[in-house]
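Computation of the quantities below employed the complete heavy-atom set of this structure, encompassing side-chain atoms and omitting hydrogens, waters and symmetry-equivalent molecules. Throughout, protein chains are lettered first and strands after them, A, B, ... in sequence-line order, and every chain is numbered starting at 1.
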There are 2 protein chains.
Amino acid sequence: MAEAVAVDHLAGERSKAQFDVDAMKIVWAGSKHAFDIADRMARLVASDPVFRKDNRTMLERKELFKTTLRKAAHAWKRISQLHLTEEEAMMFRFFVDEPAYVDLHWGMFVPAIRGQGTEEQQKKWLPMAYKMQIIGCYAQTELGHGSNVQGLETTATFDPKSDEFIIHSPTLTSSKWWPGGLGKVSTHAVVYARLITDGQDHGINGFIVQLRSLDDHSPLPGVTIGDIGTKFGNGAYNTMDNGVLRFDHVRIPRNQMLMRVSQVTREGKFIQSDVPRQLLYGTMVFVRQTIVSDASKALSRAVCIAVRYSAVRRQFGSQDGGPETQVIDYKTQQDRLFPLLASAYAFRFVGEWLKWLYTDVTQRLQANDFSTLPEAHACTAGLKSLTTSTTADGIEECRKLCGGHGYLCSSGLPELFAVYVPACTYEGDNIVLLLQVARFLMKTVSRLGSGKQPVGTTAYMVKAPELMQCKCEVQEAKDWLKPTVILQAFEARSVRMAVNCAQNISKAQNPEEGFYELSADLVEAAVAHCQLIIVSKFIEKVEQEIHGHGVKEMLQILCNVYALSLIHKHLGDFISTGSITPKQGALANEQLRSLYSQVRPNAVAMVDAFNYTDHYLGSALGRYDGNVYPKLYEEAWKDPLNDSVVPDGYHEYIKPLLKQNFGVARL
Amino acid sequence: MAEAVAVDHLAGERSKAQFDVDAMKIVWAGSKHAFDIADRMARLVASDPVFRKDNRTMLERKELFKTTLRKAAHAWKRISQLHLTEEEAMMFRFFVDEPAYVDLHWGMFVPAIRGQGTEEQQKKWLPMAYKMQIIGCYAQTELGHGSNVQGLETTATFDPKSDEFIIHSPTLTSSKWWPGGLGKVSTHAVVYARLITDGQDHGINGFIVQLRSLDDHSPLPGVTIGDIGTKFGNGAYNTMDNGVLRFDHVRIPRNQMLMRVSQVTREGKFIQSDVPRQLLYGTMVFVRQTIVSDASKALSRAVCIAVRYSAVRRQFGSQDGGPETQVIDYKTQQDRLFPLLASAYAFRFVGEWLKWLYTDVTQRLQANDFSTLPEAHACTAGLKSLTTSTTADGIEECRKLCGGHGYLCSSGLPELFAVYVPACTYEGDNIVLLLQVARFLMKTVSRLGSGKQPVGTTAYMVKAPELMQCKCEVQEAKDWLKPTVILQAFEARSVRMAVNCAQNISKAQNPEEGFYELSADLVEAAVAHCQLIIVSKFIEKVEQEIHGHGVKEMLQILCNVYALSLIHKHLGDFISTGSITPKQGALANEQLRSLYSQVRPNAVAMVDAFNYTDHYLGSALGRYDGNVYPKLYEEAWKDPLNDSVVPDGYHEYIKPLLKQNFGVARL
Ligand SMILES: Cc1cc2nc3c(=O)[nH]c(=O)nc-3n(C[C@H](O)[C@H](O)[C@H](O)COP(=O)(O)OP(=O)(O)OC[C@H]3O[C@@H](n4cnc5c(N)ncnc54)[C@H](O)[C@@H]3O)c2cc1C
Ligand SMILES: Cc1cc2nc3c(=O)[nH]c(=O)nc-3n(C[C@H](O)[C@H](O)[C@H](O)COP(=O)(O)OP(=O)(O)OC[C@H]3O[C@@H](n4cnc5c(N)ncnc54)[C@H](O)[C@@H]3O)c2cc1C
Ligand SMILES: [Ca+2]
């Protein structure tokens with residue numbers, strides 16, 4: 001976003017760009033329409049003093065939390081005052097850029113009722129939720145169980161006498177633990193608990209439970225709630241009241257069990273409805289699609305800061321008293337930074353594709369076609385895992401790329417990292433997810449040749465016989481620019497790793513044992529498969545019609561950077577499977593180096609294309625105008641420690657030391 | 001450290017150990033003597049309520065800083081009351097485990113005067129510093145220059161009229177920025193500035209400058225000082241007052257320039273003394289040796305937490321209602337965790353060896369033998385870089401290994417990460433250091449065959465002709481257990497990567513250009529060389545006499561895990577250089593898997609051997625007794641947000657929302 005700037009220290013960089021930045025902005029946003037909304041909402045938020053973030057990392061927890069409550073309420077007010085559409089409201093909240101209970105209310109509580117509630121239940125609860133007359137959270141995880149949902153211990157025992165469920169926390173480890181918005185705000189929760197009727201355990205089901213009084217916000221009888229304490233980083237996710245919750249025989253009416261998929265009758269009989277359980281997959285695909293899309297946003301944000309600062313920062317290499325070298329000109333800096341820039345774009349496009357996939361899945365579900373669901377499920381699980389892991393590591397790498405100054409909160413990077421990393425854990429631990437992908441791959445491999453065709457992102461496996469044999473045809477560096485060559489190398493690597501695993505598993509006593517023993521290798525095979533998906537979606541994107549001078553060419557370059565940097569990083573996979581030769585690996589690296597030189601003059605413009613405001617970036621180092629040093633300097637003085645020249649504690653703990661009379665002072 | 005525990009939830013794990021844990025503790029500590037001191041100091045600190053850390057991540061900056069001042073003063077008092085030896089005092093401070101101005105005073109200010117001051121200067125300043133009558137910091141880095149020390153802008157202009165230097169900050173970017181202890185505490189600093197006499201610039205020199213009044217702590221005239229603001233993480237490095245400092249023509253007497261290596265005479269003549277500049281390398285080797293030793297401590301601490309929690313945590317795999325699988329039994333968990341356990345030990349031993357190297361270097365310096373200095377310098381630079389990078393990444397991996405709960409500050413891991421990561425940046429940015437190693441390697445390669453023998457850790461390069469040709473002899477997995485096989489593979493890989501780089505450089509227009517173009521590859525060659533050093537020192541360690549039942553055997557296993565996990569991780573290097581074949585790579589992986597099974601029963605005992613107190617670990621997840629859940633639960637309630645049931649802000653920002661009357665409230 002072109003800010004009103006006095007002097008643009010990056011003007012020189014911007015003038016070097018070889019493509020139409022405004023056109024690239026549209027591509028990044030997805031459409032002109034999406035761009036306009038994002039641009040407008042970002043400005044609205046940035047210009048509103050209530051949404052200031054610059055002091056966030058300095059506030060102690062209570063103060064921080066209160067400002068979050070204020071922002072959430074103010075956002076709600078503005079959204080209705082301005083009559084924003086749902087799409088606009090989402091963008092508005094996004095640019096407020098502060099985790100809060102509303103995320104769970106809109107992102108988990110409402111969808112859970114929509115997805116798992118009967119029509120009657122939806123009619124009763126949703127209007128209240130839409131108006132925020134009730135605020136809800138999603139209470140699944142317990143102290144003792146996260147990944148293994150089937151192991152949850154909270155019980156919901158049907159009492160036929162009163163037609164009620166008794167919600168109870170039988171053990172310490174059954175305490176609900178982690179739900180966002182639970183600790184201090186939510187009035188209601190969807191609580192997952194073991195359904196017990198007539199002494200029989202029917203497994204985990206969801207229940208709508210009121211937690212707090214709508215009059216004075218005090219917890220209802222039998223309900224103990226609190227916040228689970230400080231989390232990683234300053235500011236960051238500490239704006240969220242992740243909570244602990246214990247039930248002491250709390251009674252709720254029978255009709256508060258979410259009954260779309262299973263029901264309990266007045267008599268206490270447990271019935272499965274004929275609504276297929278796969279329906280729940282739809283929601284999962286949706287949630288994960290948003291996580292992938294968030295990954296591209298978080299990574300692009302970090303990359304934007306690191307690219308701009310690397311163009312401002314100069315160190316070494318001054319000749320005859322001239323300016324020193326911009327650190328972005330160092331090849332090591334490029335080698336760490338440009339693949340991340342390429343990844344941000346790659347994740348953006350695979351996220352866009354996932355949106356399409358979600359629509360596709362939804363339509364098929366409506367048509368009772370469940371055939372593509374397992375593949376869609378595995379694919380989204382893998383992409384969630386891969387994009388969030390890369391993004392978390394990438395943000396920290398961007399921080400390191402900024403040298404010492406990246407360690408200051410005023411760089412924005414520490415908070416971005418701290419607030420981002422749990423994405424590797426929530427909505428499925430990334431390793432657990434990759435193991436699910438691997439399981440699906442093994443199934444797919446075992447069925448090859450059985451007549452059952454692999455679908456969707458596994459369709460390439462039909463070519464397994466060729467891919468097991470094929471030889472990469474690269475003879476000189478520039479051969480690596482051919483999409484077909486890249487695709488074949490990634491497909492060959494992926495198939496061969498999967499087939500290798502399958503063969504090794506088959507040597508074990510039994511498949512379960514084999515899968516367990518080889519799980520580390522299986523995770524690598526799953527990664528290979530998911531990287532192929534991202535590469536192929538990037539290639540597809542670049543093959544589409546793309547407007548704007550030089551835009552397609554730049555994306556082509558980034559696509560190649562993405563693919564070739566992965567080949568370099570996973571060279572062992574590619575060579576040991578025989579998908580490429582060592583010589584071809586060296587050529588890929590050579591080509592990569594020359595691509596870096598093509599990215600270099602366009603780097604700043606490529607991050608400008610994200611169209612992020614300085615408010616959203618929240619970084620002294622990433623400022624649009626590159627005027628880094630005065631801003632860093634200014635930010636420093638805001639620290640509470642600078643309230644006084646002589647620090648609190650001087651008289652008790654410094655002076656006695658200097659005066660050698662610490663015997664008398666109360667040290 | 002065996003705590004007094006009611007129930008030991010990890011007793012079962014401990015009984016599985018196949019080696020003598022007490023003997024391993026001695027090996028880890030370095031000697032019985034070192035063990036005794038560490039054990040005693042750790043207990044002393046742990047039992048003193050002043051040193052509590054459990055609330056550290058909840059304190060706002062000023063409060064936090066005040067508690068640090070208190071701890072530092074209290075430590076100083078206890079150290080003198082107890083008449084601790086220097087060795088004991090160091091350990092005592094180490095277990096206080098909180099970055100503070102004293103670290104810079106003892107670790108940088110005093111050594112700078114010792115190393116760069118004349119005898120007279122040492123006599124004047126050191127006694128005051130030893131008694132802490134003055135407190136000093138190390139003011140080198142500026143807003144505009146960190147890595148490139150030669151680019152510093154602060155000036156020290158000699159004024160022959162008054163026989164003084166005028167210290168001045170001519171630009172904003174010349175502001176000193178980052179020095180620890182500067183912001184709020186130091187009374188003095190060693191300031192690095194461009195020496196100017198008679199209009200001539202003599203480059204960077206050190207000066208002792210008083211900053212604050214010894215009476216009332218106010219900054220002296222012409223001195224502007226402040227704290228540079230919040231840094232990454234809660235608690236963490238925010239206990240340190242990293243500072244900003246500007247000089248407005250501040251005058252200091254001529255004899256406050258550190259004059260051991262260069263002098264300015266009364267007349268303003270600049271003279272280089274005959275003391276060789278290489279002397280300064282000695283200090284660098286010392287400082288980096290301590291950083292490597294700290295890396296092993298930080299990594300072992302994270303690994304200790306993750307191993308214990310992984311043995312407590314159970315998820316999935318319950319059969320017939322029995323207990324679920326301990327997550328440490330999952331192969332993916334082992335594959336992420338055990339190489340880090342092995343690395344902690346590897347870094348411990350290479351750190352021990354560096355201590356020897358420092359002694360060796362010091363003795364040679366005294367004998368005017370500078371021949372090994374460049375090699376020692378490159379070697380320590382590389383090991384600093386490699387161990388700190390691996391440790392930073394390793395801590396975060398340990399956090400992820402703890403699932404959701406690792407994200408809570410009460411797990412101890414977020415703070416450990418945040419406080420550790422700057423080690424990748426200070427004392428030399430890790431990439432800049434690796435480039436120095438690479439430069440040394442290229443020099444070494446270019447001299448091969450010139451008769452000038454490579455020394456120290458590069459001595460293996462004499463064998464370059466064989467190593468370029470040799471074939472790895474592994475035929476079955478267990479061949480990978482032979483130290484000679486492992487060493488040869490690492491040596492071959494390292495030599496071949498270095499020689500490849502040298503050859504590619506020679507194709508460039510000129511060597512400088514070539515070095516620049518290939519710098520990303522050069523960094524990889526430097527990493528390969530440094531990994532070889534660590535592997536070889538681990539092997540040497542295991543070949544020494546080691547007492548205690550099973551201790552040597554366990555270390556042998558870890559040594560192999562370390563080496564083979566590196567082969568797997570860098571398979572591309574090993575195979576593409578032809579150092580091993582793909583088949584041999586697969587065998588290495590197979591062997592690695594079976595080593596994991598041998599580590600498994602010993603894992604908890606291997607981290608017990610670090611002998612860390614629960615106080616030092618500071619982790620609800622890493623507790624010695626494994627009683628994780630009650631502790632997590634208890635910690636949660638300490639959060640300030642839990643001071644009241646209904647949160648501050650409810651009436652202003654939640655109630656109006658629920659009641660739909662946010663029009664009237666001041667949102
Ligand atoms: C910031 C944040 C917000 C959250 N918000 C919510 C919320 O709103 N509502 C809610 O209900 N929950 C929430 N959660 C909880 C979250 O969903 C869980 O933490 C997550 O599912 C991971 O489960 P876990 O913590 O039990 O990890 P664990 O399963 O205990 O993982 C520990 C380790 O074991 C490994 N592991 C586990 N199972 C296997 C296996 N089968 N094979 C191999 N390895 C395995 C993992 O890879 C990991 O390394 C939140 C968590 C966080 C951090
Ligand atoms: C917690 C902390 C404590 C500190 N304490 C002190 C202290 O007490 N006293 C003190 O004087 N200083 C201190 N420092 C400053 C520290 O020494 C510097 O931050 C460090 O030297 C790195 O320099 P920089 O910040 O200028 O990084 P930069 O050099 O600006 O690094 C930015 C990027 O440029 C790259 N780069 C730079 N040069 C090259 C090159 N030639 N080739 C390739 N890439 C290059 C780097 O790899 C990095 O990615 C501290 C810093 C921190 C974070
Ligand atoms: Ca804080």
Side-chain angles (χ1 to χ4, degrees), chain A residues 57-58 60-62 66 69-70 73-74 77 132 143 146-148 172-173 178 184 217 226-232 234 244 315-316 331-332 335 403-404 407-410 414 422 425 431 519-520 523 571-572 575-576 582 585 629 635-636 639-642 646-650 653 657 662 667, chain B residues 57-58 60-62 66 69-70 73-74 77 132 143 146-148 172-173 178 184 217 226-232 234 244 315-316 331-332 335 403-404 407-410 414 422 425 431 519-520 523 571-572 575-576 582 585 629 635-636 639-642 646-650 653 657 662 667:
Chain A
T57 57
M58 296 173 211
E60 57 91 20
R61 187 84 201 278
K62 269 198 244 181
K66 194 172 173 181
L69 293 181
R70 181 168 181 229
H74 187 68
K77 183 178 162 185
M132 289 201 118
L143 201 42
S147 300
N148 181 16
L172 180 72
T173 48
W178 273 118
K184 292 286 146 183
H217 212 61
D227 183 274
I228 59 169
T230 321
K231 287 150 294 197
F232 202 161
N234 325 76
V244 45
Q315 209 75 194
F316 297 103
K331 293 289 165 182
T332 46
D335 188 51
Y407 189 59
L408 282 169
C409 287
S410 55
T425 306
I431 297 298
S519 54
V523 162
L571 197 58
I575 301 184
S576 69
Y629 297 115
E635 289 297 310
D639 194 276
L641 262 194
N642 289 325
V646 174
D648 198 14
Y650 164 70
Y653 309 123
L657 219 84
F662 52 83
L667 299 181
Chain B
T57 57
M58 295 175 214
E60 57 91 19
R61 187 82 201 279
K62 268 200 244 180
K66 194 171 173 184
L69 293 180
R70 179 167 182 232
H74 187 67
K77 184 176 160 187
M132 290 200 119
L143 201 41
S147 300
N148 182 15
L172 180 73
T173 47
W178 273 117
K184 292 287 146 184
H217 212 61
D227 183 273
I228 58 170
T230 320
K231 288 151 294 197
F232 203 162
N234 324 75
V244 45
Q315 209 75 196
F316 296 104
K331 293 289 164 183
T332 46
D335 189 51
Y407 189 60
L408 281 170
C409 288
S410 56
T425 306
I431 297 298
S519 54
V523 161
L571 196 59
I575 300 185
S576 69
Y629 297 114
E635 288 299 309
D639 194 276
L641 264 193
N642 288 326
V646 174
D648 198 13
Y650 164 69
Y653 308 123
L657 219 85
F662 53 83
L667 298 182

Who wins among [options] for the most heavy-atom pairs under 4.5 Å with chain B?
{"options": "A:Gly585, A:Gly146, A:Ser147", "answer": "A:Ser147"}
{"options": "A:Val523, A:Ile575, A:Leu641", "answer": "A:Leu641"}
{"options": "A:Thr425, A:Leu408, A:Asp335, A:Leu571", "answer": "A:Leu408"}
{"options": "A:Ala520, A:Pro422, A:Gly649", "answer": "A:Pro422"}
{"options": "A:Ser410, A:Pro582, A:Gly229", "answer": "A:Gly229"}

Contact class of [X] relative to chain B, heavy atoms under 4.5 angstrom:
{"X": "A:Ile431", "answer": "side chain"}
{"X": "A:Leu143", "answer": "both"}
{"X": "A:Asp648", "answer": "both"}
{"X": "A:Ser576", "answer": "both"}
{"X": "A:Thr173", "answer": "side chain"}

Are the side chains of A:Tyr653 and B:Lys66 in contact, using a 4.5 Å heavy-atom criterion?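 Side-chain contact under 4.5 Å: yes.
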
Heavy-atom contact with chain A under 4.5 Å, split by part of B:Asp227:
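Both backbone and side chain.
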
- Query: By a 4.5 Å heavy-atom criterion (distance strictly below it), what part of B:Leu172 contacts chain A: side chain, backbone, both, or neither?
  - Reply: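 Just its side chain gets close to chain A.
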
For the residue pair [X] and [Y], what are the closest heavy atoms and their distance?
{"X": "B:Pro640", "Y": "B:Met58", "result": "CD-SD, 3.8 Å"}
{"X": "B:Asn234", "Y": "B:Cys409", "result": "OD1-SG, 3.6 Å"}
{"X": "A:Pro414", "Y": "A:Tyr407", "result": "CG-O, 3.9 Å"}

(message) So if I apply the salt bridge (charged side-chain N to carboxylate O under 4.0 Å, His left out) rule between B:Asp639 and each of A:Lys62, A:Lys184, A:Arg61, which one comes out positive?
(response)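 When salt bridge (charged side-chain N to carboxylate O under 4.0 Å, His left out) is applied between B:Asp639 and each of A:Lys62, A:Lys184, A:Arg61, only A:Arg61 qualifies.
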
Open item on the list: Does the plane of the ring in B:Tyr650 sit parallel, tilted or perpendicular to the ring in A:His217? Use 30° and 60° as the thresholds.
Closed with: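 Rings of B:Tyr650 and A:His217: parallel, under 30°.
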
